[in-house]
Number of protein chains: 2
Amino acid sequence: MSPKSMDRRVKYTIMMIKKSFISILKEKPIAKITIKQICEEADINRATFYAHFKDQYDLLQQIEDGFLEDIKLHLASIAYSATERESVSALERIIGYIKENAEVCSLLLSDRGNLDFHKRIMMIAQTQFIAELKQKKELSAEDAEYIFLFITVGSVGITQKWIVDGMKRPAVEIAQMIFTLTEKVLL
Amino acid sequence: MSPKSMDRRVKYTIMMIKKSFISILKEKPIAKITIKQICEEADINRATFYAHFKDQYDLLQQIEDGFLEDIKLHLASIAYSATERESVSALERIIGYIKENAEVCSLLLSDRGNLDFHKRIMMIAQTQFIAELKQKKELSAEDAEYIFLFITVGSVGITQKWIVDGMKRPAVEIAQMIFTLTEKVLL
DNA sequence: AAGTTATCAAACAATGTGTTCATTATTTCA
DNA sequence: TGAAATAATGAACACATTGTTTGATAACTT
């Protein structure tokens, strides 16, 4: 279902529903949001909602998926990075993209979204970077997983704090910080 | 409201409700759990539920709070630890306690519970440990916060994975791993 | 044993859910 | 452009959950 091949009506409907949902999500946790409310705010029939989404959670999931799709595209243009400069740059790109879409991101990455989404974003940037280091160092598969997890989740934590604090620092700085901490752990 | 001062009936009611809730939480996410279902499984009147809890989320919150209370007690017996051995031991204690109460913990710390709860547990063990290192190193307050966050959230990630993997490794090993990674970051 | 307090069953209006169906509006493409 | 295809709509529906209130009953405390 690429947005290109969609009927214009469908595009409009989905756009309005997502917009409405995001707007409501700013005010209350997802558990308190009703389908009815989403539809009223979007001025979309409730039956139409059910034609596209199962419930609020399915809707959130789809928003997140679309987001990751975008991020992947942003990264696709970057060649596989072997040097530090390139790694940091990849991280910076992602973090910069997050800043551009601050409104939605700060929602999805705040307490509102779910932790899995955080992880997925960070893993995109680091997976290949970590893969190399698995080889370089002589780590058991399981140990490597634990360390990988430590780094990934920690990085997510940092990004989240940065967002909550209003994204005042430049993205490069955060990217550099994550990279440095990662290196230390892998020393 | 310490459990000591409670009417026996109240103790019983709350016990049954929590038990029922935990049991249901194994099968479905909290959002899909209804008050009615909790009460039926607990054989408690619905009106009685509302006398004690606002909703499922309030109930979960209270379960988590009780849990943290327990953990704090477990730690209270440990003197302020300055050496590595003592720090690791403190971590091991917590992780060991988690293992003892595996059933509930694996729920609260899995995707089911919320991230804040993870953080709160780990912070208990590390707060004072980190405090020292803020002084030793010359870090700006903000930088220290970011690094602290990286470590805390990363540690939570490791513990979570350990639980999900069935807690096969001994608790000391995980404690040692967290300590080592923490030290590396702070190097 | 008497007084206090928690739980209970039953009932209630209010609200949301998920689905169906005929009707209307928009889009697609031949 | 005009016909066929498709999507959105409004209304209605049975059903479930919610949160609250009532007076009666049972258990606890002192």
Side-chain angles (χ1 to χ4, degrees), chain A residues 1-66 107 112 114, chain B residues 1-66 69 107 112-114:
Chain A
M1 291 276 187
S2 67
K4 239 182 186 176
S5 65
M6 271 186 194
D7 191 313
R8 287 176 189 174
R9 288 167 295 183
V10 176
K11 278 195 258 183
Y12 174 82
T13 297
I14 289 181
M15 211 186 76
M16 292 305 284
I17 287 178
K18 286 184 177 175
K19 197 174 161 188
S20 152
F21 175 68
I22 292 288
S23 142
I24 299 172
L25 198 55
K26 282 177 202 158
E27 286 156 18
K28 51 171 82 171
I30 188 169
K32 303 283 175 200
I33 299 177
T34 67
I35 314 292
K36 197 189 175 206
Q37 193 188 359
I38 298 172
C39 293
E40 272 170 5
E41 178 124 353
D43 195 27
I44 295 292
N45 193 279
R46 211 153 46 79
T48 308
F49 179 96
Y50 287 111
H52 296 290
F53 308 99
K54 202 171 151 285
D55 51 29
Q56 315 104 290
Y57 303 94
D58 181 43
L59 171 54
L60 178 61
Q61 177 82 44
Q62 290 198 32
I63 291 176
E64 288 178 353
D65 287 350
L107 267 181
R112 291 313 214 280
N114 55 46
Chain B
M1 293 273 186
S2 65
K4 238 182 185 176
S5 66
M6 269 187 195
D7 190 314
R8 288 177 189 171
R9 290 167 295 183
V10 177
K11 276 196 260 182
Y12 174 82
T13 298
I14 290 182
M15 210 186 76
M16 292 305 283
I17 288 178
K18 286 184 177 175
K19 197 173 161 188
S20 153
F21 176 67
I22 292 289
S23 142
I24 299 172
L25 198 56
K26 283 178 202 158
E27 286 155 19
K28 53 173 80 169
I30 188 169
K32 302 284 176 198
I33 299 178
T34 66
I35 314 292
K36 198 191 174 203
Q37 193 187 0
I38 297 172
C39 294
E40 273 170 4
E41 179 122 352
D43 196 26
I44 294 292
N45 193 279
R46 213 151 46 79
T48 308
F49 178 96
Y50 287 110
H52 297 290
F53 308 99
K54 203 170 149 284
D55 52 29
Q56 316 103 290
Y57 304 94
D58 181 42
L59 171 54
L60 178 60
Q61 177 84 43
Q62 291 198 30
I63 291 176
E64 288 178 353
D65 287 350
E69 215 49 49
L107 268 180
R112 293 317 216 271
N114 56 46

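Only this structure's heavy atoms are used, side chains among them; waters, hydrogens and symmetry mates stay out. The sequence lines fix the lettering, A, B, ..., with proteins before strands; numbering per chain opens at 1.
- Computed from coordinates, the A:Phe49 CZ to D:dA7 P distance equals 18 Å when rounded to whole Å.
- Using a 4.5 Å heavy-atom threshold, the side chains of B:Met16 and B:Tyr12 count as touching.
- Using a 4.5 Å heavy-atom threshold, the side chains of A:Asp7 and A:Lys11 count as separate.
- For B:Ser20 (side chain) and B:Glu41 (main-chain N/O), no donor-acceptor pair under 3.5 Å exists by modelled atom type.
- Looking only at side-chain heavy atoms (C-beta outward), A:Phe21 and A:Leu60 come within less than 4.5 Å of each other.
- Counting only heavy atoms from C-beta outward, the side chains of B:Gln61 and B:Gln56 never approach each other to under 4.5 Å.
- Between the CD1 atom of B:Ile38 and the C1' atom of D:dA16 there is a distance of 15 Å, given to the nearest Å.
- Remark: the backbone N or O of A:Lys19 is not paired with any side-chain donor or acceptor of A:Ser23 at under 3.5 angstrom.
- A 4.5 Å side-chain heavy-atom check between A:Ile44 and A:Ile38 finds every atom pair outside the cut-off.
- Straight-line distance from the CZ atom of B:Arg8 to the C1' atom of D:dT29: 10 Å, rounded to whole Å.
- Distance CD1 (A:Ile17) to C1' (D:dA7): 12 Å, rounded to an integer number of Å.
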Kindly express the pairing pattern of DNA chain D in dot-bracket notation, using | wherever a base pairs with another strand and counting only Watson-Crick or G-U pairs under 3.5 Å. ||||||||||||.|||||.|||||||||||
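- A:Ala31 meets the side-chain contact (heavy atoms from CB on, under 4.5 Å) test with A:Tyr57, B:Tyr57; sequence neighbours excluded.
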What is the per-nucleotide protein-contact pattern of nucleotides 6-18 of chain C, from the 5' end, where B denotes a base atom under 4.0 Å from a protein heavy atom, S denotes such proximity for sugar-phosphate atoms only, and - denotes neither? BSSB------SBB
